[in-house]
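Below, chains carry the letters A, B, ... as their sequence lines are ordered, and counting in each starts from 1.
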Amino acid sequence: MNKTRMFDMKRSRIKELFLSQPIGTDVKICGWVRTVRSNKNVSFININDGSCVENMQVVLSPDHADYKLLCDIHTGTCVSIEGKIIESQGSGQSIELLPEKLMILGKADPQLYPLQPKEHSLEFLREVAHLRMRTSTFGAIMRLRHAMAYAIHKFFNDRGFFYLHTPIITGSDAEGAGAMFRVTTLDFNNLPLNEDKTVNFKEDFFGKETHLTVSGQLEGELGAMSLGQIYTFGPTFRAENSNTTRHLAEFWMIEPEVAFNELQENMDLAEEFLKYLIQYALDNCSSDLNFLNARFIKENEKKKQEERDEMNLLQKLEFVVSHPFERLTYTDAIEILKSSAPYKKKKFQYPVEWGVDLQSEHERYLVEKHFKKPVILTDYPKAIKAFYMKQSDDGKTVKAMDVLFPGIGEIIGGSQREDDIEKLKTRAREVGIKDEDIWWYLDIRRFGNAPHSGFGLGFERLMLFVTGMSNIRDVIPFPRTPKYAEF
RNA sequence: UCCUCCUUAGCUCAGUUGGUUAGAGCACAUGACUGUUAAUCAUGGGGUCCCUGGUUCAAGCCCAGGAGGGGGAGCCA
């Protein structure tokens, strides 16, 4: 690296410089200015290039040939700097950069640039999502998001799973997971009509009605029943009018599906998977997690006493990887809720009765108050669960499982799948799905049938937990929600 | 979709019972300052008080409608 010629210097990423501490060597960095501080004798320019949460401090003296450039260097300016790495003469950082040559690649008018060297509200930053990844918080979140995506592939690859690309455009409306976005090339101002005035979708691009997928599961099952064990990891779309901190219209979902697995093994996989991912973050993203932890602690202190988290972010992550998840049946959960203090004091807004779906308040009680750890609920009443879930011998419940996390609620939903073709057809018809719509799904039960299981993990919900953020719009670069598709 | 809260300078926010020319911190400009960490200090510029209508001698403040946003709920991952 000890080159004397500057113009052909290789660019270093700041993360590498902090790791290798190459004191005395000449380097080149490119990045965006975070802050500038000056006095009569010296100026400090803090540069971030996105490689890590830490900034490189550039120390510029007034007698430097490029000192005049300082008047155009503000927060947001993009610069390229060649110079020597030296041991920092101030406290607060181990090394700093003494510039030989300073170049402005792109100015940022300080009167117009929205980001300032101060804390901005998350709501404001959502309005400038094209720039918010330049902040420490969103930089850390997006690097963690990448690390988690990578860890997901690594987890499955290391265990012999195959990444299956299930379709994003789907012709089946049988997935049954809520409202779908329509995909069409028809001219809305001149729709082809049938004789009964309904739209003639035979004229549409695919010759039938098509939508964006709400789940890759049904196709995932086909993969599992051929390749043994697969996972999907792709975008998923729900046209629900959900306005919450936990819902997006476009989100990413991971759906493993394993032939021969029954419910017990499905739970084991889900628990091992989540713990692996969180451990991966702890092992590989410590500086970003430390930054987010400091942020979490500060936010937590602002909350009212009764709403405060007992643990900080790092403690929560450590806690989850080191404790077994609580596993119990829906029926047992109902019993616990019925003998709970809030139930007896009539604090629950919604009724607790065998057969009703558990509400947020009930899930929160179980996870946050009663067990104080992640909970896997199983064996739900069949009436409140999807048609494809394996019916139990009791005739009342299905082999479903929901993994509930503190502060997030359902992070995973899954089940053993119904492999009895007659029961499957009957249940599908009950919810209005015709055999011919899922003929290929039924075929799997007809040819070489076997038990199999799987689940879906909401990627952004995982990100909420790992980053300690509280709004799902802040853990995806460009959120899509009802009435909002900017950028 | 329902409930609820909010909208004042580029950002974060204060603004009393309706009363003269709407404030602060940060940011920005200028100057000062011996190495700063969101540096500090001084001075200065900067406003469609979300929009529309109404009540009133007088509206940032009260009333009605609308728009945008936050939080909670439902639905779910």
Side-chain angles (χ1 to χ4, degrees), chain A residues 34-46 54-62 71 74-76 86 88-93 96 98 108-128 135-136 175-179 213-217 232 235-255 270 303 307 348-350 357-361 363-364 384-386 402-405 408-414 455-465 470-476 481-484 486:
Chain A
R34 283 290 174 80
T35 58
V36 185
R37 294 177 297 279
S38 289
N39 61 42
K40 200 164 65 176
N41 302 301
V42 64
S43 294
F44 302 96
I45 309 167
N46 281 25
E54 289 85 10
N55 303 323
M56 180 62 76
Q57 176 159 280
V58 176
V59 186
L60 186 67
S61 67
C71 64
H74 299 98
T75 300
I86 59 166
S88 177
Q89 294 173 43
S91 56
Q93 57 282 315
E96 57 197 18
L98 212 54
D109 185 339
Q111 298 287 353
L112 302 173
Y113 188 63
L115 301 181
Q116 295 165 26
K118 58 170 277 188
E119 256 183 48
H120 292 284
S121 68
L122 296 171
E123 292 82 4
F124 171 70
L125 290 171
R126 266 170 231 152
E127 292 169 17
V128 289
T135 65
S136 297
E175 286 162 0
T213 183
V214 292
S215 164
Q217 182 203 312
T232 73
T236 310
F237 306 88
R238 304 270 167 95
E240 301 285 355
N241 192 10
S242 298
N243 295 289
T244 80
T245 53
R246 301 180 306 282
H247 289 87
L248 292 165
E250 176 184 284
F251 64 101
W252 291 69
M253 188 154 66
I254 300 102
E255 295 177 290
K303 289 183 189 165
E307 289 169 9
F348 287 137
Q349 196 188 332
Y350 290 87
D357 211 353
L358 294 182
Q359 303 295 320
S360 288
E361 58 180 358
E363 294 180 353
R364 291 185 92 100
I384 60 172
K385 285 293 182 184
D402 282 2
V403 182
L404 309 179
F405 258 41
I408 290 162
E410 185 181 342
I411 196 168
I412 277 179
F455 59 82
L457 167 70
F459 187 49
E460 285 76 17
R461 290 197 179 167
L462 171 75
M463 289 303 303
L464 279 180
F465 189 74
S470 49
N471 191 317
I472 202 161
R473 293 162 206 157
D474 297 329
V475 296
I476 187 166
T481 53
K483 298 274 185 297
Y484 193 82
E486 194 65 61

With nearest nucleotide decided by heavy atoms, which residue, A:S470 or A:A249, maps closer to the 5′ end of RNA chain B? A:S470
If the cut-off is 4.0 Å, is A:T245 near the phosphate of B:G70, judged by side-chain N/O to OP1 or OP2? no
Separation of the C1' atoms in B:C63 and B:U55, to the nearest angstrom: 7 Å
Below 4.5 Å, heavy atoms only, C-beta onward: do A:T236 and A:W252 meet side chain to side chain? no
Separation of B:A73 C1' from A:E240 CD (nearest whole Å): 15 Å
Would you kindly say whether A:T245 and A:R473 are connected by a side-chain donor-acceptor distance under 3.5 Å? no
For B:C57 and B:G71, measure between their P atoms and round to the nearest Å. 43 Å
What is the distance, rounded to the nearest whole Å, between atom CD1 of A:I408 and atom P of B:C76? 18 Å
With a cut-off of less than 4.0 Å, is there a side-chain N or O of A:H74 near OP1 or OP2 of B:A29? yes
Mind listing the N/O atom pairs, protein and nucleotides 33-36 of chain B, below 3.5 Å?
from, atom 1, to, atom 2, distance (Å)
B:C33, OP1, A:K40, NZ, 3.4
B:C33, OP2, A:K40, NZ, 3.4
B:C33, N4, A:K40, N, 3.3
B:U34, OP2, A:K40, NZ, 3.1
B:U34, O4', A:N41, ND2, 2.4
B:G35, OP1, A:N39, ND2, 2.2
B:G35, O6, A:Q89, OE1, 3.1
B:G35, O6, A:Q89, NE2, 3.2
B:G35, N1, A:E96, OE2, 2.7
B:G35, N2, A:G90, N, 3.3
B:G35, N2, A:E96, OE1, 2.5
B:G35, N2, A:E96, OE2, 2.8
B:U36, O2', A:R37, NE, 3.2
B:U36, O2, A:R37, NE, 2.7
B:U36, O2, A:R37, NH2, 2.7
B:U36, N3, A:Q57, OE1, 2.9
B:U36, N3, A:Q57, NE2, 3.0
B:U36, O4, A:Q57, NE2, 2.5
B:U36, O4, A:Q93, NE2, 2.9

Starting at CG of A:N241 and ending at P of B:G74, how long is that distance when rounded to a whole Å? 15 Å
Calculate, to the nearest 0.5 Å, the distance between atoms CD1 and CG belonging to A:I412 and A:L404 respectively. 10.5 Å
So, the side chain of A:T75 versus the backbone of A:R34: is there a donor-acceptor pair under 3.5 Å, distance only? yes
Decide yes or no on side chain to side chain donor-acceptor pair (under 3.5 Å) for A:S215 and A:E255, but give the supporting numbers first. CA-CA 8 Å; A:S215 164; A:E255 295 177 290; 2.9 Å; yes
Could you tell me whether a side-chain N or O of A:R461 sits under 3.5 Å from a main-chain N or O of A:R246, the two making a donor and an acceptor? yes
Would you say the side-chain atoms of A:R37 and A:T35 include a donor-acceptor pair closer than 3.5 Å? yes
When the nearest nucleotide of RNA chain B is assigned to A:T35 and to A:P110 on a heavy-atom basis, which residue is associated with the more 5' position? A:P110
Has the side chain of A:S242 got a donor or acceptor atom sitting under 3.5 Å from an opposite partner on the base of B:C75? yes
Counting only heavy atoms and a strict 4.0 angstrom limit, can you tell me which residues of residues 455-465 of chain A come near RNA chain B? A:G456, A:G458, A:R461
Take atom P in B:C62 and the same atom in B:G18, then report the distance between them in whole Å. 8 Å
Could you check how far CD1 of A:I254 sits from P of B:A77, rounded to whole Å? 13 Å
Quick one: list whatever passes salt bridge (charged side-chain N to carboxylate O under 4.0 Å, His left out) with A:E460, sequence neighbours left out. A:R145
Looking only at side-chain N and O atoms, does A:Q359 come under 4.0 Å of OP1 or OP2 in B:G74? yes
P spacing across the pair B:U4 / B:G15, given as an integer number of angstrom: 23 Å
Taking only residues at least two apart or on different chains, which pairs with a member in residues 114-124 of chain A satisfy side-chain hydrogen bond (donor to acceptor under 3.5 Å, both in side chains)? A:E119-A:K298
Rounded interatomic separation in angstrom, taking CG from A:N471 and P from B:A77: 19 Å
Do A:I472 and A:L464 make a side-chain contact, defined as non-hydrogen atoms from C-beta onward lying under 4.5 Å apart? yes
Protein-to-nucleotide contact annotation, 5' to 3' order, nucleotides 2-15 of chain B [B base; S sugar-phosphate only; - none; under 4.0 Å, heavy atom]: --------BBS---
Heavy-atom nearest pair, A:L457 first then A:I411, reads CD1-O, 3.4 Å
What's the CD1-P distance between A:I45 and B:A38, to the nearest Å? 17 Å
Sticking with atom P, work out how far B:C61 lies from B:A77, rounded to a whole angstrom. 46 Å
A:R473 side chain near B:G69 phosphate (N/O to OP1/OP2, under 4.0 Å): no
Just how far, in rounded Å, is P of B:G74 from CD1 of A:I384? 13 Å
When the C1' atoms of B:G19 and B:C28 are considered, how many whole Å apart are they? 34 Å
Kindly indicate whether the side chain of A:D474, heavy atoms from C-beta on, has any atom under 4.5 Å from the side chain of A:R126. yes
One thing to verify: whether A:D402 and A:K385 come together as a salt bridge, which I'm taking to mean a side-chain N less than 4.0 angstrom from a carboxylate O. yes
P atom, B:U36 versus B:U40: distance in rounded Å? 13 Å
Quick one: A:F251 CZ to B:C75 P, roughly how many Å, whole number? 16 Å
Using a cut-off of strictly less than 4.0 Å, decide whether A:R246 has a side-chain nitrogen or oxygen near OP1 or OP2 of B:C75. no
Sugar-phosphate only, base, or nothing, as touched by A:T244 at under 4.0 Å among non-hydrogen atoms: base
For the residue pair A:T135 and A:L115, establish whether any side-chain heavy-atom pair is separated by less than 4.5 Å. yes
Heavy-atom check, side chain of A:F465 versus side chain of A:L462, under 4.5 Å: no
Please classify the nucleic acid contact of A:L122 as base, sugar-phosphate, or nothing, using heavy-atom distances under 4.0 Å. nothing
Identify the two heavy atoms, one from A:G76 and one from A:A108, that lie closest to each other, and give their separation to 0.1 Å. C-CB, 3.6 Å
Stems formed with participation of RNA chain B [Watson-Crick or G-U wobble, under 3.5 Å, three or more pairs]: B:1-7 with B:67-73, B:10-13 with B:23-26, B:28-32 with B:40-44, B:50-54 with B:62-66
